[in-house]
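Worksheet: the structure to be examined is printed underneath.
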Amino acid sequence: MTAVDVVIMAAGKGTRMKSRLPKVLHRLAGRALVQHVIETAAALDARRIVVVTGNGADEVEAALTAWAHARATPVPAFARQEPQLGTGHAVQQALPLLPDDGTTLILNGDVPLIQAATLQSLVQRSGGRALALLSAEMPDPRGYGRVLRSGDAVRAIVEDKDATDVQRRITEVYTGFMAVPNGLLKRWLARLTQDNAQGEYYLTDIVRLAIEDGAEVLACEVEDTVQVEGVNSPVQLAALERAFQLRQARALMEQGVRIADPARFDLRGQLACAQDVEIDLNCVFEGRVSLGEGVRVGANCVIANADIAAGAVVHPFTHIDGEKTGVRIGQGARVGPFARLRPGADLGAEVHVGNFVEIKNATLARGAKANHLAYLGDASVGARVNYGAGSITANYDGANKHRTVIEDDVHIGSNSVLVAPVTIGRGGTVGASSTITKNTPPEALSVARGRQVSIPNWQRPKKKS
Ligand code: UD1
Ligand code: CA
């Protein structure tokens with residue numbers, strides 16, 4: 001096997017995005033377009049990955065560097081192209097970074113759905129000696145370079161703007177992907193000229209040069225043309241987002257996941273599912289999420305960086321974001337509707353968390369319940385605790401955060417404030433509307449509110465006539 005190097009062209013302007021953000025940094029499924037291409041290149045075990053930058057180069061390079069650091073993956077090499085004089089010129093900038101042996105794959109930073117298997121077969125066809133280009137049949141070939149043939153043999157690629165009317169009727173197009181042995185690529189790129197309709201150095205001219213040199217040129221057709229579609233506008237970005245999401249949804253369904261409507265499913269990261277998982281409409285998964293056997297996720301949930309154990313149910317409109325710390329939901333737990341779980345929420349088995357309950361950096365042991373309108377932050381909640389509606393942990397004194405410990409079998413009455421640091425002793429009860437500032441003993445009823453007073457025969461003030 002010859003070594004594979006990858007050059008990703010990403011210097012273009014992206015005018016039609018009408019955005020301040022460089023085009024290749026626009027996001028598809030939560031990741032920059034060019035990140036998708038880099039990940040595909042990495043899946044090929046590429047020896048070198050060179051990204052050619054130009055427009056927005058500082059921003060693109062900074063974003064890709066930060067992203068590589070965050071994932072502990074190698075930072076790609078960058079080659080600056082300034083000014084941008086065409087695709088041939090773009091690849092010329094990368095040449096000093098490419099060894100003389102091996103084969104280079106040329107990819108586009110704004111064509112995110114190309115698959116590793118397609119590229120692998122392109123490299124195989126190139127076989128260390130031929131120029132292998134990826135072609136496609138396009139019913140509407142406008143704008144593309146056309147593949148010119150003599151008999152069966154590829155002769156050249158002519159750009160749309162340079163083509164004759166007869167050539168423009170050709171529906172076999174060049175998709176923008178090719179594999180070329182490095183030595184030949186260097187030789188041919190050195191011979192490009194700007195003698196064409198756009199005054200650019202066309203990468204596609206190397207096909208003609210290869211034929212002149214008697215080298216073999218092969219066109220491999222890609223049937224699944226979504227793989228070679230580029231993003232030039234928000235409309236195209238949205239279309240490719242849907243295509244990508246459908247691809248992911250289909251893969252999950254093939255593993256047995258039941259997705260209510262694959263057209264209303266979004267995965268912006270990794271989702272691992274055990275058997276018999278059901279996902280209702282309009283759910284968004286981000287980061288790393290795992291769903292255990294039989295987990296059901298109701299409609300309109302957003303779930304990021306969470307591990308949800310077997311048999312748990314997430315009811316509709318729940319928002320879960322574990323960020324860097326993660327969220328854990330135990331076996332058979334029930335969460336939502338309208339619950340919010342933040343980083344460090346760690347729910348044991350059979351825990352119930354109901355509507356308008358927010359949990360952050362808190363563990364709830366088996367069978368604990370917080371069913372309505374409550375906040376638990378920086379807390380340890382024991383088994384079988386019942387945490388009443390409207391109760392909160394006052395965990396923040398304006399400068400520091402403090403922990404609240406609620407031991408097993410405690411009952412916290414509604415509308416209580418637990419001012420941390422504080423411990424509620426096991427089996428204790430806190431009367432409704434208490435403001436608890438001191439530790440409470442086990443098994444006791446603790447009440448901390450004004451005593452109820454009733455004044456008999458109370459006369460309300462009367463209006464003066
Ligand atoms: C190119 C091909 C065309 C093919 C089409 C497929 C050439 C000359 N033409 O045309 O045959 O059918 O792609 O989509 O190659 N870029 C740079 N620097 C530059 C110019 C472009 O980095 O100086 C990058 C762009 O950011 C983009 C890619 O190269 O990612 C392709 O450039 P683009 O202008 O879209 O090429 P097309 O004219 O569409
Ligand atoms: Ca293009």
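Every value quoted in this text rests on a predicted model; they were computed, and no experiment measured them.
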Measure the shortest side-chain to side-chain distance between [X] and [Y] over non-hydrogen atoms and say whether it is less than 4.5 angstrom.
X      : Y      : answer
Lys18  : Pro234 : no
Lys401 : Lys360 : yes
Asp307 : Ser290 : yes
Val357 : Asn371 : no
Ile329 : Val351 : no
Arg258 : Asp276 : yes
Leu28  : His36  : yes
Thr53  : Leu64  : no

Minimal non-hydrogen separation, [X] against [Y], with atom names:
X      : Y      : value
Thr193 : Asp205 : O-OD2, 4.4 Å
Val217 : Ala210 : CG2-CB, 3.7 Å
Ala219 : Arg149 : CB-NH2, 3.5 Å
Ala79  : Leu97  : CB-CD1, 4.2 Å
Ala362 : Leu376 : CB-O, 4.0 Å
Ala309 : Val295 : O-CG2, 3.2 Å

For atom [atom1] of [X], decide whether the heavy atoms of other residues, nucleotides or ligands shown that lie under 6.0 angstrom number more than 12.
X      : atom1 : value
Asp140 : CG    : yes
Arg334 : CZ    : no
Arg288 : CZ    : no

How many angstroms lie between atom [atom1] of [X] and atom [atom2] of [Y], to the nearest 0.5 angstrom?
X      : Y      : atom1 : atom2 : answer
Leu33  : Glu241 : CG    : CD    : 9.5 Å
Thr204 : Ile157 : OG1   : CD1   : 5.5 Å
Tyr202 : Asn196 : OH    : CG    : 3.5 Å
Glu229 : Leu113 : CD    : CG    : 8.0 Å
Leu185 : Leu209 : CG    : CG    : 11.0 Å
Thr73  : Ile38  : OG1   : CD1   : 8.5 Å

Check ion pair [X]-[Y] (N to O, under 4.0 angstrom):
X      : Y      : value
Glu286 : Arg268 : yes
Arg242 : Asp266 : yes
Asp110 : Lys23  : yes
Arg47  : Asp5   : yes
Glu254 : Arg250 : no

Sidechain-backbone polar pair: [X] side chain, [Y] backbone, donor-acceptor under 3.5 Å:
X      : Y      : answer
Asp321 : Arg342 : no
Asn182 : Asp101 : yes
Arg146 : Ile170 : yes
Gln81  : Gly86  : yes
Ser126 : Leu122 : no
Thr325 : Gly344 : no
Gln248 : Leu267 : yes
Gln92  : Leu189 : yes
Thr87  : Leu203 : yes
Arg168 : Asp160 : yes

Inset, instruction - Using side chain to side chain contact (heavy atoms under 4.5 Å, CB included) as the criterion, point out the one residue from Val91, Val6, Val7 that pairs with Leu98. - result: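 The side chain to side chain contact (heavy atoms under 4.5 Å, CB included) with Leu98 is passed solely by Val7 among Val91, Val6, Val7.
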Legend entry - Partners meeting ring pair (Phe, Tyr, Trp, His ring centres under 6.0 Å) with His372 (sequence neighbours left out):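 For His372 there are no ring pair (Phe, Tyr, Trp, His ring centres under 6.0 Å) partners, ignoring immediate neighbours.
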Inset, instruction - List for me each residue that meets ring pair (Phe, Tyr, Trp, His ring centres under 6.0 Å) alongside Phe356, sequence neighbours excluded, and say none if there are none. - result: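 So Phe356 forms a ring pair (Phe, Tyr, Trp, His ring centres under 6.0 Å) with Phe338.
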Please list, chain by chain and in numerical order, all residues satisfying side-chain hydrogen bond (donor to acceptor under 3.5 Å, both in side chains) with [X], sequence neighbours excluded.
X      : result
Arg187 : Asp213
Arg340 : none
Asn305 : none
Gln331 : none

Legend entry - salt bridge (Lys or Arg N to Asp or Glu O under 4.0 Å) assessment of Arg80 paired with Asp58: CA-CA 10 Å; Arg80 291 265 176 131; Asp58 288 335; 2.6 Å; yes
Inset, instruction - Kindly indicate, with the supporting measurements, whether the criterion side chain to side chain contact (heavy atoms under 4.5 Å, CB included) is fulfilled by Leu252 and Ile279. - result: CA-CA 11 Å; Leu252 287 163; Ile279 299 169; 5.7 Å; no
Legend entry - Asn361 side chain to Asp378 side chain, donor-acceptor N/O pair below 3.5 angstrom: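 Yes, a side-chain donor-acceptor pair sits under 3.5 Å.
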Legend entry - Polar contact flag, side-chain donor to acceptor under 3.5 angstrom, Glu39-Gln35: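 No donor-acceptor contact under 3.5 Å links the two side chains.
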Inset, instruction - Begin with the C-alpha distance, continue with both residues' side-chain angles, and end with the deciding distance and a verdict on side chain to side chain contact (heavy atoms under 4.5 Å, CB included) for Val154 and Tyr174. - result: CA-CA 11 Å; Val154 174; Tyr174 168 58; over 6 Å; no
Inset, instruction - Tell me, with the steps shown, if Asp162 and Gln167 meet side chain to side chain contact (heavy atoms under 4.5 Å, CB included). - result: CA-CA 9 Å; Asp162 297 274; Gln167 289 169 338; over 6 Å; no
Legend entry - The single option from His89, Gln84, Gln194 passing side chain to side chain donor-acceptor pair (under 3.5 Å) against Tyr201: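 Filter result, single survivor: Gln194.
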Inset, instruction - Show your reasoning for whether side chain to side chain contact (heavy atoms under 4.5 Å, CB included) applies to Thr40 and Gln227. - result: CA-CA 12 Å; Thr40 306; Gln227 286 191 39; over 6 Å; no
